[in-house]
Amino acid sequence: MNYKPTAKRDLMGIFSRRALILGGTGVGALTAIGGRLVYLQTQDFVDKEYTRAAESNRYDARPIVPRRGVIYDRFGVELAITSPDYRVSIRPEDAKDGVEETIRKVAAYVGLSEAAIQRRLRDVRSKRKFDDVLIKNGLTWDEFAAVNVRLPDLPGVIVEVGQQRFYPYTAAFAHPIGYVQKANQREIDRVEQEDRLAAGLGPKALPGERFESARARYLRHPDVRVGKAGLEASLENELRGEPGVALVEVNAMGRAVGEDLREAKAPKQGAPIITTIDADLQRYAMERMSGESAACVVMDIWDGDLIILGSSPGFDPNQFVNGISGPAFKALNEDPYKPLFHKCVTGAYHPGSTFKLVTGAAVVEAGVDPTWRVNCPGFFPFGGRNFHCWKKGGHGSVDLHDAIKHSCDVYFYQASLRAGPQRIADVARMMGLGQKYDIGVPAVLAGIIPDPPWWRKIGKGEWTPGLTLNSAIGQGDIVSTPLELAVMTSRFANGGLGVVPRLVREGGEPRAVVEPKKLAISEMARKLVLSGMNGVSNEPGGTAYAKSRMALVRDPVSGRVIDAEGAPPGAAEVQIAGKTGTAQVRVITAAERLRGVKRNEDLDWELRDHALFVCYGPVDAPRYACAIVVEHGGGGSAVAAPIARDVMRAVLLADPSARKALTIAALEKQDRQPA
Amino acid sequence: MTTAAGYRSFGERLARLNWGLITVLCAIACIGVVMHFSVTDGSWAGMPLQHASRFGIILVVTLALAILDVRIWLAIAYPLYTLSLLLLVAVEVAGATRMGAQRWLDLGPISIQPSEIMKIAIVLALARYYQGLLDSRRIKPDGLIALIIPLMMIGAPTALIMHQPDLGTALLVAGSGVGVMFLAGLKWRYIVPAAIAAVGGAVYAYFNVLHDYQRERVNVFLGLTNDPLGSGYHVLQSKIAIGAAGLFGHGYLKGPQSQLDFLPEKHTDFIFTMIVEEFGLIGAFVVLGLFAIALALTMTTALRSRTLFGRLAASGVAVTLGLYVIINTSMVIGLIPVVGIPLPLLSFGGTAMLTVMMGMAIVLSIHLHRETSISSRGVLW
């Protein structure tokens with residue numbers, strides 16, 4: 001069979017047709033490609049999505065850290081500032097002599113342990129070769145200068161001046177001001193989560209996903225610290241300021257190319273904060289309390305300004321700024337004097353006899369005749385047992401004035417039965433105990449004022465009158481903070497106004513000034529209590545009489561408080577009036593009495609009583625209230641009263657409330673006119 | 001029986017080459033050099049010079065091969081195919097793994113990629129087969145056997161290349177082969193069911209044959225996974241670059257995406273993106289236009305050839321080149337999933353350039369000898 005010719009003709013003909021089809025297909029494909037190109041660009045012309053994406057590819061928005069706001073005392077003393085931080089870093093790709101070699105050379109000038117050198121080398125390995133790695137910060141000027149002059153011989157080494165938070169008075173303001181630290185991983189993760197959710201992404205990063213939380217990046221910046229304690233923590237948002245943004249042109253690896261650094265948004269400095277503290281007085285109080293585990297609160301009884309908020313011992317907040325070492329932190333944390341603990345607001349102590357002011361007011365409020373007298377034989381039999389007075393032989397016949405003056409327990413046992421537990425608790429709360437005061441520091445505690453409803457609430461069942469007796473003298477379940485005790489004293493002294501303490505005068509968010517309301521306490525009750533307090537301090541026989549001699553007089557000409565020594569004759573004495581307190585930490589048992597343990601001093605330190613003292617002054621024109629607690633100090637009159645006297649003496653002499661405080665307006669004026 | 005249509009002298013043959021086609025190819029290669037100058041941030045040393053010198057050498061070889069008698073190509077078609085197939089098997093057994101795929105055969109100082117030779121070999125071998133079929137008395141052209149033999153010729157190398165794995169080259173080899181079969185008059189009654197089978201095969205391949213990274217690319221393309229830093233990163237960055245380029249581009253040496261290294265593989269598979277970014281839509285159309293002219297000239301050569309071998313071989317080369325261009329450009333603009341296929345003469349790297357230019361040598365030879373007729377007796381094998 002011969003089909004060759006036809007087959008050949010067929011194939012040649014088919015080829016031409018097929019070539020046409022194929023060519024057409026090719027033209028079609030190229031048209032589609034051209035069309036797609038046009039489409040991509042037209043689409044971009046409309047929505048600019050690709051243009052924007054290309055821009056964000058090219059520019060890396062790098063945060064510029066703002067200066068943290070300065071924290072001032074009431075007169076403008078800087079308590080927390082942002083100071084220059086001299087630091088030395090290495091850019092590995094430029095270190096021509098080798099990274100380790102270079103780091104070791106620098107270490108010789110700035111002092112760096114072998115362990116630290118190894119850590120830096122690990123840092124270098126974990127980063128990109130064009131990322132700067134910090135070798136050391138916090139250099140002294142001499143160290144900084146030593147590296148600086150040798151820079152030509154240290155290729156790849158970079159010296160910089162950054163910023164660092166600094167607390168010039170170290171331990172004196174550690175508790176109210178607090179400190180800053182680097183954000184920890186948990187905080188960084190938290191803001192990253194928030195930003196992810198805000199961006200509509202899932203909580204977990206998918207592999208290869210290109211999302212970066214600007215806030216997390218900011219927190220990772222080497223200059224950024226966040227408040228971790230005190231005002232630094234609670235006013236973080238105001239002190240931080242607003243980070244700026246620098247747009248740096250970068251390549252895909254994140255390396256900055258060229259010098260094309262333009263500032264897209266300038267950082268906004270953090271708000272200055274003016275506190276109520278008087279730096280000099282606070283430092284004096286801290287010094288006076290040194291060696292003790294103690295708290296001292298002094299407040300203005302009219303506007304609530306906390307002149308002193310001291311918790312002893314202090315600690316140096318500067319050591320937290322760059323990360324405290326493990327052993328140093330352990331030492332602070334395990335110290336039995338609890339330096340990290342803000343005793344003024346977080347320490348809860350039995351108010352002891354200082355609570356008798358409340359019980360005394362309550363019994364008058366209950367309608368009991370103020371001349372009502374009680375015979376104190378040294379004990380009070382009640383409910384089948386004897387409730388003892390602190391004085392073995394008893395006080396004999398006492399009225400309210402005497403009872404406060406001598407701190408007679410038996411009077412208040414009986415008075416509490418007449419006033420009733422609910423009235424006592426109500427007066428206590430009205431006078432400011434058992435309340436939480438938001439003074440702007442974290443972890444402010446509210447004390448506990450037991451009463452029948454509370455007793456039921458915590459599941460202890462029905463209240464018994466024995467509990468009333470215990471509460472009446474500030475023992476049992478009742479606890480208060482030194483801040484609450486200062487508020488209570490203020491409210492008695494200021495004519496029964498519900499003053500509220502404050503730590504921040506001005507700065508940051510506008511702060512509402514609350515005019516204190518008149519409390520529902522009768523003048524009679526209040527005056528009787530104050531008269532009792534005067535007896536304590538200024539009448540022979542008062543529990544703090546010997547420890548309350550102020551040696552101050554009022555200048556008859558200027559009316560100011562001056563030292564009694566060398567004062568013109570006839571000038572009126574200036575006094576304080578107070579109330580001692582001793583809070584039992586542990587009852588001395590019968591067995592211990594047998595072993596010869598009779599007095600508090602015979603017990604181990606941590607089992608001794610807490611010493612308390614509350615007072616106000618000057619008696620003739622009340623202005624300041626003070627509360628002192630000395631942990632395991634023993635008796636209130638022996639230990640707490642002398643501290644209160646010395647601190648109050650300094651306060652009355654300085655009279656900070658009478659002097660003009662710094663204002664934000666004045667600060668801004670200062671900034672406008674550079675010296 | 002007729003001898004060569006008779007250009008005797010070397011010079012005469014050279015003068016009668018298809019210089020139009022050569023000019024277009026040179027123009028494309030020059031654009032390549034210019035783009036590599038931009039890739040290296042404006043320096044002649046390195047890529048641009050290498051690209052230029054490589055093209056120069058290959059061009060000389062191409063011109064030398066172009067003046068060979070077309071019957072020599074016919075004669076070496078089967079041996080070349082057999083050799084390539086054997087080399088592919090050798091790669092399978094002893095190939096070196098480069099960039100995660102077993103593609104190269106190290107022969108001392110030179111390493112060769114047999115799959116590239118196969119792109120040309122398959123075209124020549126199929127053209128040779130259909131030429132032989134024309135004169136065959138044993139095989140019926142319309143019969144089943146005439147269909148199965150070329151399918152096997154295509155299938156064997158495709159399977160081997162697929163296994164390396166090199167999806168792009170496998171597609172090119174299979175595509176070029178099927179293209180030649182189509183041009184040789186494959187009956188529509190076979191084409192339609194085969195197309196259906198191909199779709200089925202693709203689905204089967206997706207689940208059972210493709211490697212994870214290949215499947216991932218398909219997934220990204222189909223929008224099944226959103227992975228802007230992984231497989232999708234290339235295309236996303238490429239689309240950003242093209243979309244933001246506008247009509248005239250950002251200007252030479254000024255493409256932000258490519259100059260700042262956001263665009264990966266910009267000197268190889270994604271060079272087209274860089275061209276668009278720097279020269280805009282105009283630049284893209286110029287490049288596509290040059291390729292279109294090259295393809296048109298090749299097809300013209302095919303249509304003017306008097307032999308079936310010449311027609312099929314030339315058009316087969318056109319199919320190969322066309323597939324290169326269409327697959328590469330479609331890929332960078334996100335029309336199809338990413339397959340590693342360079343843009344010939346523009347992308348950096350000698351293999352694709354060599355493959356395409358060898359194909360062009362055949363086309364030029366066919367053009368030169370378009371009047372030469374071939375009889376089965378003139379064929380020794």
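Order of the sequence lines sets the chain letters (A, B, ...), proteins ahead of strands, with each chain counted from 1. Everything numeric in this text was worked out from a predicted model, so none of it was measured.
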4.5 Å side-chain heavy-atom contact, B:Thr329 and A:Arg36: no
Taking every heavy atom of A:Gly34 against every heavy atom of B:Phe285, the minimum-distance pair comes out as CA-CE2, 3.6 Å
Contacting region of [X] [heavy-atom separation from chain A under 4.5 Å]:
X: B:Ala296; answer: neither
X: B:Leu323; answer: neither
X: B:Ser330; answer: both

Pick one of side chain, backbone, both or neither for A:Val27, based on which atoms fall under 4.5 Å of a heavy atom in chain B. neither
CD1-NZ distance between A:Ile14 and B:Lys187, expressed to the nearest 0.5 angstrom: 5.0 Å
Approximate separation, where rounding is to 0.5 Å, of A:Leu37 CG and B:Ile333 CD1: 4.5 Å
Taking every heavy-atom pair that is under 4.5 Å apart, which of B:Ile326, B:Val325, B:Leu312, B:Leu295 has the most such pairs with chain A? B:Ile326
Listed by chain and number, what are the side chain to side chain donor-acceptor pair (under 3.5 Å) partners of A:Glu242, not counting sequence neighbours? none
Can you list everything that forms a side chain to side chain contact (heavy atoms under 4.5 Å, CB included) with A:Leu22? Sequence neighbours excluded, please. B:Phe182, B:Leu183, B:Val319
Inspect the surroundings of OH in A:Tyr39 and state if more than 12 heavy atoms from other residues, nucleotides or ligands are less than 6.0 Å away. no
